[in-house]
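Below: the structure, in structure tokens.
Heavy atoms only: backbone and side chains are in, while hydrogens, waters and symmetry mates are out.
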Amino acid sequence: MFYSFSISVFPWPIIYRYLRFFICVICAMGGFLFLPHHILAMGEASKFAFAQLEYSGGNWNPRPHVGKRLMWELTKRTSVEARIDTVIFRADDVKIFEYPFLYMSGDQEFPPFSEKEMSNLKLYLEFGGTLLIDDCLGKSDFGFDKSIRREIKRLFPDKLLEKLPKDHTIFKSFYLLNQAYGRTIEKSYLEGITIENRAAIIYSQNDLGGAWAKDPLGSWEYQVIPGGETQRSMAFRLGINIIMYALTGDYKQDQVHLPFILKRQM
């Protein structure tokens with residue numbers, strides 16, 4: 001799903017990256033299968049990475065320890081192999097095309113992205129990338145939320161940021177959930193921008209990062225209200241669901257998998 005080449009302008013550096021990738025795959029199929037098992041390991045480069053978006057102005061990193069804890073939980077609870085350390089990119093960096101998932105956070109208003117940042121980010125989303133936007137403040141039409149809605153409108157002027165339904169694949173990609181969670185519950189739902197039946201942008205105003213974050217000494221950085229530790233657990237489940245959705249898309253929409261998902265409800 002992630003490699004969906006439907007563009008009108010040829011981004012030659014990106015095409016070159018994918019060309020090298022497919023050549024490596026062909027080589028692997030043709031010869032590497034005969035090598036000893038330990039040689040096949042690709043190390044850190046083959047693992048899922050928590051990629052975070054850096055931007056100018058405002059506060060792009062209000063929860064600096066968020067990615068490390070979520071990746072630890074992801075590897076513990078699923079079969080996904082993940083890097084623990086966060087990788088950071090700006091929106092105009094072509095390296096974001098190497099990562100299927102991108103996290104953006106903030107709690108303040110910020111200035112508009114440059115045209116280069118906008119065009120690169122739009123291409124990333126149209127290629128199949130998934131952007132999770134995490135509003136740590138949660139106040140509608142104020143601060144970070146005001147800036148985000150402005151930038152999304154610039155990205156996709158013909159699309160609406162819409163409420164994702166409770167039966168959306170995101171709420172059952174790994175755990176079965178019935179609403180959105182976070183450090184707070186400002187909104188019981190997620191919003192999103194859909195491209196070809198895929199939620200390319202997922203927007204939470206419940207401060208997911210605040211529920212995930214631990215300090216370097218291993219203590220939770222923020223209290224979770226109003227639901228306490230049960231709500232924190234659900235916020236982790238939602239984070240894992242979002243990552244699994246970014247990796248698998250609508251695969252779990254198939255009802256044949258429902259009994260397996262129901263086992264994870266408790």
From CA spacing to verdict: side chain to side chain contact (heavy atoms under 4.5 Å, CB included), Arg90, Leu53: CA-CA 6 Å; Arg90 296 189 65 88; Leu53 190 67; 5.6 Å; no
Chi angles and distances behind the side chain to side chain contact (heavy atoms under 4.5 Å, CB included) call for Ile193, Leu125: CA-CA 10 Å; Ile193 290 288; Leu125 296 169; over 6 Å; no
Chi angles and distances behind the side chain to side chain contact (heavy atoms under 4.5 Å, CB included) call for Lys122, Phe156: CA-CA 8 Å; Lys122 182 176 182 179; Phe156 299 105; 4.0 Å; yes
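Formation of a donor-acceptor pair under 3.5 Å by the Gln231 side chain with backbone atoms of Gly182 is found in this model. Of the possible polar contacts, none joining the Asn206 side chain to the Leu208 backbone as a donor-acceptor pair under 3.5 Å is found. Using a distance-only test at 3.5 Å, with no hydrogens or angles considered, a donor-acceptor pair links the side chain of Tyr55 to the main chain of Asn59. Under a 3.5 Å cut-off, the side chain of Trp212 and the backbone N or O of Ala235 do form a donor-acceptor pair. Side chain of Thr75 to main chain of Ala82: no donor-acceptor pair is present (N/O by atom type, distance under 3.5 Å, no hydrogens or angles). A distance-only check finds a donor-acceptor pair linking the side chain of Thr78 to the backbone of Leu74 [under 3.5 Å]. Under a 3.5 Å cut-off, the side chain of Ser188 and the backbone N or O of Gln179 do not form any donor-acceptor pair.
By the rule that hydrophobic residues join a cluster once side-chain heavy atoms approach within less than 4.5 Å of another member, Trp220 and Val224 end up as members of separate clusters. Residues Tyr222 and Met234 fall into different hydrophobic clusters, defined by Ile, Leu, Val, Met, Phe, Trp and Tyr side chains chained together at heavy-atom separations under 4.5 Å. The hydrophobic clustering, which links ILVMFWY residues whose side-chain heavy atoms are closer than 4.5 Å, places Leu132 and Leu137 apart. Put simply, Ile202 and Phe174 are part of the same group of oily side chains (I, L, V, M, F, W, Y) that touch within less than 4.5 Å, one to the next.
Annotation: side chain of Val87 is not in contact with side chain of Gln52 (no heavy-atom distance under 4.5 Å). Considering only heavy atoms from C-beta on, Leu155 comes within 4.5 Å of Met118 through its side chain. When side chains are defined from C-beta on, Ile133 counts as touching Ile152, because their heavy atoms get closer than 4.5 Å. Between Leu238 and Phe171 the shortest side-chain heavy-atom distance falls below 4.5 Å. A heavy-atom distance below 4.5 Å is found between the side chains of Met104 and Ile148. Side-chain contact between Phe144 and Gln108 is absent, with no heavy atoms from C-beta onward closer than 4.5 Å. Between Tyr181 and Ile185, some side-chain heavy-atom pair lies under the 4.5 Å cut-off. Residues Phe97 and Asn120 form a side-chain contact, since some pair of their non-hydrogen atoms from C-beta on lies under 4.5 Å apart.
A cation-pi arrangement is absent between Arg63 and Tyr103 under the rule of less than 6.0 angstrom and at most 45 degrees off the ring axis. A cation-pi arrangement is present between Lys163 and Tyr189 under the rule of less than 6.0 angstrom and at most 45 degrees off the ring axis. A cation-pi arrangement is absent between Arg198 and Tyr245 under the rule of less than 6.0 angstrom and at most 45 degrees off the ring axis.
Distance check, rounded to the nearest 0.5 Å: CD1 of Ile243 to CZ of Phe48 gives 4.5 Å. In this structure, NE2 in His65 is found 10.0 Å from OG1 in Thr86, a value given to the nearest 0.5 Å. Between the OG1 atom in Thr169 and the CG atom in Asn241 there is a gap of 10.5 Å [rounded to 0.5 Å]. For the atom pair CD of Glu126 and CD of Glu196, the computed distance is 9.0 Å after rounding to the nearest 0.5 Å. Here the CG-OG distance, from Asp207 to Ser105, works out to 7.0 Å after rounding to the nearest 0.5 Å.
The pair Arg154-Glu115 meets the salt-bridge criterion, with a side-chain N (NZ, NE, NH1 or NH2) lying under 4.0 Å from an Asp/Glu carboxylate O. Salt-bridge check for Glu221 with Arg69: failed, with every basic side-chain N at 4.0 Å or more from each acidic carboxylate O.
Heavy-atom minimum distance, Arg232 versus Ala211: NH1-O, 3.0 Å. In plain terms, the two heavy atoms of Met71 and Arg83 that are nearest each other are CG-O, 3.3 Å. In this structure, Leu247 and Pro100 approach most closely via the heavy-atom pair CD2-CG, 3.9 Å. Here the closest heavy-atom approach between residue Ser56 and residue Pro111 is recorded as O-CD, 3.5 Å. Heavy-atom minimum distance, Ala200 versus Ile195: CB-CD1, 3.7 Å. Nearest heavy atom pair, residue Arg150 against residue Pro112, reads NH2-N, 3.4 Å.
Evaluated for a side-chain contact (heavy atoms from CB on, under 4.5 Å) with Tyr203, the options Leu190, Asp145, Leu164, Asp134 yield exactly one hit, Asp145.
Two rings, from Trp60 and Phe113, have their centers 6.0 Å or more apart.
Annotation: Lys187, atom NZ; neighbour count of heavy atoms from other residues, nucleotides and ligands within 6.0 Å is above 12.
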